[in-house]
Protein chains: 2
Amino acid sequence: MTDLMRLFTRAHKLLRAATDEAMSRYGVRVGQNLVLEVLWEQDGLTPGELAERLGVATPTIVKSASRMATAGLVERRRDPTDGRLVRIHLTEHARSVQQDIARARADLAAHAFATLTAAERKHLESALVKIIDRMQSPAG
Amino acid sequence: MTDLMRLFTRAHKLLRAATDEAMSRYGVRVGQNLVLEVLWEQDGLTPGELAERLGVATPTIVKSASRMATAGLVERRRDPTDGRLVRIHLTEHARSVQQDIARARADLAAHAFATLTAAERKHLESALVKIIDRMQSPAG
DNA sequence: CGACTATCGATAGTCGGCTAACGAAAGGAC
DNA sequence: GTCCTTTCGTTAGCCGACTATCGATAGTCG
């Protein structure tokens, strides 16, 4: 049963590496693309909101956003009405690569799951959901 | 199809976090337990050999081994016949927690996959293998 | 024997995840 | 109107993964 775990880890690592490589061509790293996905949907979110939507800790977003700001993908702006909040906004450049990144993402998923039949994908999805539910339940 | 990817990431994260928590009770972190697994099987391997068996880059092992040495889990010894090689040996303490770690690992896997039927586990395994094969193939 | 090459571990620096602790701002209670 | 608490983002530091580079040692070839 632990072999299943090993397979899981191995597959995840390969997928992540391939994603990173595909995105890197557009100057976006694998973690950054997740932030962009959310901001493309709704710009000007706070680090806390981003963290919550991505299921990640706030400092992860803060660090990532700093690198993304350096890379010219986002800008930090103080909320005018609440001085505690910081709003993260996309730059023109981030908007310009949206289609490329979305396509890269879709192509990669299509490639990764290409050898699975529709039924197998359903099975995989339901298995993943079951595992997630199981691990999220209070009993841990 | 990218939802499948998201589910994958989410499940992996939950599994990893739970594993780390379970191991940490015995002073072993999630990455270190992988190194121990290999060394319990064959002690005195070099960083390069460990890296190859775990499918990981050598510096990852070097850093991990340093932390494990600090934690009293392993010792570095220079190979007597080839001065380039370093051999990593388990300490008595590392051997003493072997059963605990192995059990924790097995318990966690059992728990994670408890809500899957035998057939579903088979499906999951074959899907993972297909994905791994696909991502490893030259076409990338 | 001596120089060149290959091999190997270690180091530096990046990325992305975490927890713990801190500091600034907002809001409530009195 | 002042404290006190809550709510934020940030910082610091750990873990684990990577690439690129360096330094030391082995091995080979002339």
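By convention in this document, chain letters (A, B, ...) are assigned in the order of the sequence lines, proteins followed by strands, and residues within each chain are numbered from 1.
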J.: Between S64(B) and I61(B) (side chain of the first, backbone of the second, donor and acceptor by atom type, cut-off under 3.5 Å), is there such a pair?
T.: no
J.: If hydrophobic clusters are built by linking Ile, Leu, Val, Met, Phe, Trp and Tyr wherever their side-chain heavy atoms come under 4.5 Å apart, do L14(A) and L34(B) end up in the same one?
T.: no
J.: From CD of E52(A) over to C1' of dG9(D), roughly how many Å is that when rounded to an integer?
T.: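 Whole-Å distance recorded here is 16 Å.
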J.: Is a side-chain donor or acceptor of K130(B) paired with a backbone partner of E120(A) at a separation under 3.5 angstrom?
T.: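 No; zero donor-acceptor contacts below 3.5 Å.
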J.: R67(B) or K13(A): which one's nearest nucleotide on DNA chain D is closer to the 5' end?
T.: R67(B)
J.: Quick one: do R16(A) and T9(B) satisfy side-chain hydrogen bond (donor to acceptor under 3.5 Å, both in side chains)? Show the steps, please.
T.: CA-CA 9 Å; R16(A) 189 180 175 82; T9(B) 301; over 6 Å; no
J.: For M5(A), is there any backbone N or O sitting under 3.5 Å from a side-chain donor or acceptor partner on T2(A)?
T.: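 No, the answer is negative, given that no donor and acceptor are paired below the 3.5 Å cut-off.
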J.: Please compare V62(B) and L34(A) by the position of their nearest nucleotide in DNA chain C and report the one closer to 5'.
T.: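 Whichever sits nearer the 5' end wins; that is V62(B).
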J.: From C-beta outward on R29(B), which listed nucleotide comes closest to its side chain: dT11(D), dC15(D), dA17(D)?
T.: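 So the nucleotide nearest the side chain must be dC15(D).
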J.: Considering only heavy atoms, which members of residues 72-91 of chain A lie under 4.0 Å from some atom of DNA chain C?
T.: D82(A), G83(A), R84(A)
J.: Counting N and O atoms only, with roles assigned by atom type, does the side chain of T91(B) sit under 3.5 Å from a partner on the main chain of L73(B), one being a donor and the other an acceptor?
T.: yes
J.: Ignoring hydrogens and angles, tell me if any N or O in the side chain of N33(B) forms a donor-acceptor pair with the backbone of V30(B) under 3.5 Å.
T.: yes
J.: Which whole-number value in Å describes the distance from L45(A) CG to dC8(D) P?
T.: 14 Å
J.: Could you check whether any side-chain N or O of R134(A) sits under 3.5 Å from a backbone N or O of A114(B), counting only pairs where one atom can act as donor and the other as acceptor?
T.: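 Flag not set: sc R134(A) to bb A114(B) has no pair under 3.5 Å.
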J.: Taking any atom under 4.0 angstrom from a heavy atom of chain A, which nucleotides of DNA chain C are the first and last to qualify, 5' to 3'?
T.: dC15(C) to dA26(C)
J.: When the distance from NZ of K63(A) to C1' of dC14(D) is rounded to whole Å, what number comes out?
T.: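 Spelled out: NZ on K63(A) to C1' on dC14(D) is 9 Å.
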J.: S64(B) or P59(B): which one's nearest nucleotide on DNA chain D is closer to the 5' end?
T.: S64(B)
J.: Are L124(B) and I132(A) co-members of a hydrophobic cluster defined by side-chain heavy atoms under 4.5 Å apart?
T.: yes
J.: Mark yes or no for whether R121(A), through its side chain, and F113(A), through its backbone, hold a donor-acceptor pair below 3.5 Å.
T.: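 Pair found, side chain donor or acceptor close to backbone of F113(A).
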J.: Using Watson-Crick pairs (N1 to N3, plus N6-O4 or O6-N4) and G-U wobble pairs, both distances under 3.5 Å, which stems of at least 3 pairs involve DNA chain D?
T.: C:1-30 with D:1-30
J.: When all nucleic acid strands are considered with a 4.0 Å heavy-atom cut-off, which category describes S66(B): base, sugar-phosphate, or nothing?
T.: nothing
J.: Distance-only, no hydrogens or angles: does the T46(B) side chain make a donor-acceptor pair with backbone N or O of R87(B) under 3.5 Å?
T.: no
